[in-house]
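Here is the structure we will look at, set down as structure tokens.
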Amino acid sequence: EDQVTQSPEALRLQEGESSSLNCSYTVSGLRGLFWYRQDPGKGPEFLFTLYSAGEEKEKERLKATLTKKESFLHITAPKPEDSATYLCAGHTDKLIFGTGTRLQVFP
Amino acid sequence: GAVVSQHPSWVICKSGTSVKIECRSLDFQATTMFWYRQFPKQSLMLMATSNEGSKATYEQGVEKDKFLINHASLTLSTLTVTSAHPEDSSFYICSARDRGLAGGYEQYFGPGTRLTVT
């Protein structure tokens, strides 16, 4: 059965304290690995799509990487406005979501 | 990035009535749109996939006669919750797929609609 698992469930960081979020997947016929940011009461905001192992993409303080079994979302020197839930999803003919990592960044 | 809008952003209705939610892709054409449901502190649950001009494909356990989906054009999909009951209260989010750079896909989400059935 296709599955996407994210860890940790929740992460508290001090402002400026870099860290990584993990997304492990077992998805047959994976066409891409998506990362989203979701704020409370809002729809997910698209961040990245990764298509092949070894691929990396960056956007401001975020960098996403992909291996054959997992993806990482690295957050460098986070700020309080980076606080959100980060979702990853494996793409076959539809998106298979993980349960997300709730990130809180304190000043 | 591409923009997907939803209307209304929130709605309160009485039990037994029907509610229609609209989803539009504003700056791209979406041959495929998706409808999700999200419960508090849980991840998104796919309800159905719709392709323009054809019938929607519903996920297992989703009542197609209760959740009517119409994808009449490349920029508009609607979800109608028929004979709504309190257990239908939830956060409904639509999504639209766009062909991204280098032949890949990008999937964008609307801001969501909060439905409360009293």
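Computation of the quantities below employed the complete heavy-atom set of this structure, encompassing side-chain atoms and omitting hydrogens, waters and symmetry-equivalent molecules. Per chain, numbering begins at 1; letters A, B, ... match sequence-line order.
Under a hydrophobic clustering in which Ile, Leu, Val, Met, Phe, Trp and Tyr are joined whenever their side-chain heavy atoms come within less than 4.5 Å, directly or via other members, A:Val27 and A:Leu73 fall into the same cluster. Placement of A:Leu21 and A:Leu87 in two distinct hydrophobic clusters is found when ILVMFWY residues are connected by side-chain heavy-atom separations under 4.5 Å, directly or transitively. Cluster membership for B:Leu44 and A:Leu47, using ILVMFWY side-chain heavy atoms within less than 4.5 angstrom, is not shared. B:Ile21 and B:Val4 are assigned to two separate hydrophobic clusters, defined by single-linkage of ILVMFWY side chains at heavy-atom distances under 4.5 Å. When the side chains of ILVMFWY residues are joined at heavy-atom separations under 4.5 Å, either directly or via intervening members, B:Tyr108 and A:Phe34 end up in a single hydrophobic cluster.
For the pair A:Phe46 and B:Glu106, the tightest heavy-atom approach, listed with the atom from each and the gap, is CZ-CG, 3.7 Å. Nearest heavy atom pair, residue A:Tyr36 against residue B:Gln107, reads OH-O, 2.5 Å.
For residues 55-86 of chain B, heavy-atom neighbours of chain A at less than 4.5 Å comprise B:Glu59, sorted by residue number. Listed in order of number, the residues of residues 90-104 of chain A that approach chain B to under 4.5 Å between heavy atoms are A:His91, A:Asp93, A:Lys94, A:Leu95, A:Phe97, A:Gly98, A:Thr99.
By the neighbour-count criterion of 12 heavy atoms within 6.0 Å, atom NZ of A:Lys42 is sparsely surrounded, having that number or fewer from other residues, nucleotides or ligands. For A:Glu81, the CD atom sits in a packed shell: over 12 heavy atoms of surrounding residues, nucleotides or ligands are nearer than 6.0 Å. Around the CZ atom of A:Arg12, the shell of radius 6.0 Å holds no more than 12 heavy atoms that belong to other residues, nucleotides or ligands.
Counting heavy-atom pairs under 4.5 Å between each of A:Ala89, A:Gly41, A:Gly32 and chain B puts A:Gly41 at the top.
Using a 4.5 Å heavy-atom threshold, the side chains of A:Pro44 and B:Ile93 count as touching.
With a 4.5 Å cut-off on non-hydrogen atoms, B:Gln38 touches chain A through its side chain but not through its backbone. For a residue to count as touching a neighbouring chain, one of its non-hydrogen atoms must lie under 4.5 Å from one of that chain's; by this rule A:Gln38 touches chain B with the side chain only.
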